[in-house]
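Below is one structure, written out as structure tokens; the observations come after it.
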Amino acid sequence: MLSRDLLREKPEAVARSLADRGVEGEPVVRWVELDEARRSSIAEVEELKRRRNEASKAIGAIKKSGGDATDEIAEVGTLKSRIEEVETRRAEAEEELEALELSLPNLAKPDVPVGPDEASNRLERTVGEPRRFDFEPEAHWDLGPRLGILDFERGARVAGARFTALFGAGARLERALSQFMLDLHTTEHGYTEVLPPFLINADALVGTGQLPKFEEDLFKVQGTGYYLVPTAEVPLTNLHRGEILEEDELPVRYTAWTPCFRSEAGSYGKDVRGLIRQHQFQKVELVQLTTPETSDRALAELTGHAERVLQLLELPYRVVTLSTGDMGFGAARTHDLEVWLPGQQAYREISSCSDCEAFQARRANLRYRPADGGKPRFVHSLNGSGLAVGRTLVAVLENYQEANGTVTVPQALRPYMGGLERIGG
RNA sequence: GGAGGGGUGGCUGAGUGGUCGAAAGCGGCGGUCUUGAAAACCGUUGAGCCUUCGGGUUCCAUGGGUUCGAAUCCCAUCCCCUCCGCCA
């Protein structure tokens, strides 16, 4: 949700900023109309309520002294019907206003590149050199099945398209990566490990912005109000929903390993081969709650925490800042990490790190009390993948493959693989 | 699944129809005392919304209802706890 104060004070600026994000029409104009309708009906209904409360008090006093309050009771009756009438108008304006507010994306920070899609993303830095192969590197969808560690056909048999089964060293590698990432973030980056529910309710999804707009991207459990978690960002960010934290509790830093479930509606024909785009994948997520003053720095740090994983695995990658047209709904600034995949001769997204400022905090009513004891303020929330485990597994397989068809286990992972140095062969 | 109990402010916990946004304690903040701190004592301390900035209004799990008037009575829903059954 955007700040109401900002919408009232600078509606034109908000409209321009939303246009950068591809929001069509005149939602801000409509917002201003609804806000005015809402406020005038509130003023009216509150004045009527004031008179009603006064009359009720008078009735109490009259009855206490044994008098006759017939006239006053009649007056309250009249006021009540008028209150009901105006209250209906207020509720209608409020409902449309809230629906509108929940549908508007966050505004991009001023330095975010403006553009319609990923072509406008800004390259920040490239880290590590893609390795030169003296043979034709295989894509993981060939390499994995050949080594018997990835099985797309059997995954499809028990579930369907976009599901995969991992066997032996493949399953172990997935687990090793997860453990490695969690250990890194908890012991070196100051995150508290959380194991959150994998089924979550609609309120949580509204809090982080997946609902009400992106319901079709989610799996919903039939006959219940639950959804399969699409990213640990949702449960982690919502853990403190509705709370007022103390400033000295900030920053809150949580990391969690969870499976992530996505319907991938609308991505027909995209990344149909391999592990890149699955209905279920595992991810280690990083979430921070900070003061407004520190979220910029926190995003840089959080991005660095995710990068550290790639550095320790010695995988080449680059960092891009997403353009206004490519950013997610709730983000004010997003850095994507893209890892080099030799099998595809391309950099592919492996982490997305975002500062949502107060956008999610407003939705989730997530505040903190300043140390000086002042009024509660909304926190800033940040999240990032640290990293998508399945895609990291792909990157390891493709970057560490050898001419003899085997895969070298990266040094950093060997303690988690029982000392295994090589997969296959 | 069956039976029962309960959801009140940052926390504990009173309050069963009117002046209750709500006792008391703890915690927080300010002060007295002290070289300093602790203790003690005094004062203060919820959040949202509207505002002509005087004030008004709403909130005691959530949503309805009864009543001139609801934290308090009724209904539904959600959540938590205890016991029984089942179960990893």
Side-chain angles (χ1 to χ4, degrees), chain A residues 1-9 31-102 195-207 211 220-221 223-227 235 238-250 252 259 289 358 360-379:
Chain A
M1 252 158 64
L2 302 176
S3 154
R4 286 187 168 172
D5 288 342
L6 183 65
L7 277 157
R8 268 178 212 138
E9 283 160 25
W31 185 90
V32 171
E33 283 171 11
L34 288 165
D35 183 50
E36 279 165 8
R38 168 179 163 273
R39 284 196 281 172
S40 69
S41 59
I42 284 175
E44 200 177 333
V45 82
E46 287 191 353
E47 168 62 13
L48 290 167
K49 282 181 176 177
R50 185 187 64 74
R51 286 163 57 188
R52 181 202 59 191
N53 292 346
E54 245 173 33
S56 276
K57 270 188 188 173
I59 291 165
I62 290 166
K63 289 206 162 180
K64 209 171 188 177
S65 60
D68 173 26
T70 312
D71 291 351
E72 286 75 10
I73 290 175
E75 194 199 339
V76 168
T78 313
L79 286 168
K80 274 172 74 176
S81 61
R82 287 182 60 195
I83 287 169
E84 206 170 319
E85 199 178 294
V86 182
E87 179 63 23
T88 303
R89 266 187 6 236
R90 187 203 61 77
E92 283 166 2
E94 195 92 57
E95 196 181 333
E96 189 183 339
L97 188 72
E98 281 170 11
L100 177 60
E101 288 176 331
L102 289 176
L195 203 155
F198 300 161
L199 294 183
I200 52 181
N201 60 36
D203 287 342
L205 287 153
V206 170
L211 288 180
K220 187 170 187 178
V221 182
T224 76
Y226 298 126
Y227 295 82
N238 278 283
L239 285 172
H240 295 289
R241 175 153 47 92
E243 291 186 31
I244 301 174
L245 301 164
E246 295 299 329
E247 180 164 356
D248 64 15
E249 299 177 77
L250 302 179
V252 169
L289 306 177
Q360 294 178 327
R362 284 189 204 98
R363 291 173 159 250
N365 194 24
L366 185 29
R367 294 172 293 173
Y368 76 98
R369 189 178 303 282
D372 65 12
K375 285 280 173 190
R377 304 169 75 199
F378 290 115
V379 303

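Not measured: the values here are computed from a predicted model.
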- Query: Taking atom P in both B:G63 and B:U12, what distance in whole Å separates the two?
  - Reply: 22 Å

- Under a 3.5 Å cut-off for both distances, is B:U52 Watson-Crick or wobble paired, and to whom? none

- With syn defined as a glycosidic torsion within 90 degrees of 0 and anti otherwise, which applies to B:G54? syn

- With sequence neighbours excluded, what pairs up with A:Glu46 under the side-chain hydrogen bond (donor to acceptor under 3.5 Å, both in side chains) test? none

- Item | Between B:U77 and B:U82 - P atom distance, rounded Å | 23 Å

- Message: Can you tell me the base-pairing partner of B:G1? Count Watson-Crick or G-U wobble geometry only, both distances below 3.5 Å, and say none if there is no partner.
- Response: B:C84

- Counting only side-chain N and O atoms of A:Lys80, is one of them less than 4.0 Å from OP1 or OP2 of B:U67? no

- Note on the structure: A correct 5'-to-3' footprint of nucleotides 51-65 of chain B, with B, S and - meaning base, sugar-phosphate only and no protein heavy atom under 4.0 Å, is S----BSS-------

Table please: side-chain donor-acceptor pairs of residues 73-86 of chain A below 3.5 Å, with sequence neighbours left out.
unit_1	atom_1	unit_2	atom_2	d
A:Thr78	OG1	A:Ala74	O	3.1
A:Ser81	OG	A:Thr78	O	2.9

- Message: If the condition is side-chain hydrogen bond (donor to acceptor under 3.5 Å, both in side chains), which residues does A:Glu94 pass it with, not counting sequence neighbours?
- Response: A:Arg38, A:Arg90

- Query: Hey, is A:Arg89 close enough to A:Glu44 for a salt bridge, meaning N to O under 4.0 Å?
  - Reply: yes

- Item | Side-chain heavy atoms of A:Met1 within contact of A:Leu102, under 4.5 Å | yes

Close N or O pairs between protein and nucleotides 9-13 of chain B (under 3.5 Å):
none

- Item | N or O in side chain of A:Arg38 less than 4.0 angstrom from B:C50 OP1/OP2 | yes

- Under a 3.5 Å limit for both distances, which nucleotide forms a Watson-Crick or G-U wobble pair with B:A39, could you say? none

- Task: Please name all residues satisfying side chain to side chain contact (heavy atoms under 4.5 Å, CB included) with A:Leu6, sequence neighbours left out, ordered by chain then number.
- Result: A:Ser3, A:Lys10, A:Val14, A:Leu107

- Query: Mind checking the P distance from B:G6 to B:G13? Whole angstroms is fine.
  - Reply: 14 Å

- Task: Can you tell me, in whole Å, how much space there is between the C1' of B:A23 and that of B:U72?
- Result: 15 Å

- Item | Partner residues of A:Arg377 under the salt bridge (Lys or Arg N to Asp or Glu O under 4.0 Å) criterion, sequence neighbours left out | A:Glu293

- Could you tell me which residues satisfy side-chain hydrogen bond (donor to acceptor under 3.5 Å, both in side chains) with A:Arg241, sequence neighbours excluded, listed by chain and number? A:Asn238

- Message: A:Arg8: which residues meet the side-chain hydrogen bond (donor to acceptor under 3.5 Å, both in side chains) condition with it, sequence neighbours left out?
- Response: A:Asp35

- Note on the structure: Judged by nearest nucleotide, the residue sitting upstream toward the 5' end of RNA chain B, A:Glu72 or A:Lys375, is A:Lys375

- Qualifying residues under side chain to side chain contact (heavy atoms under 4.5 Å, CB included), relative to A:Glu96, sequence neighbours excluded: A:Arg30, A:Leu34

If you restrict it to nitrogen or oxygen atoms, what contacts under 3.5 Å exist between nucleotides 18-20 of chain B and the protein, and what is each distance?
unit_1	atom_1	unit_2	atom_2	d
B:G18	N2	A:Ser56	O	3.2
B:U19	O4	A:Lys64	NZ	3.3

- Message: Once side chain to side chain contact (heavy atoms under 4.5 Å, CB included) is applied, do any residues pair with A:Glu54, and if so which ones, sequence neighbours excluded?
- Response: A:Arg50

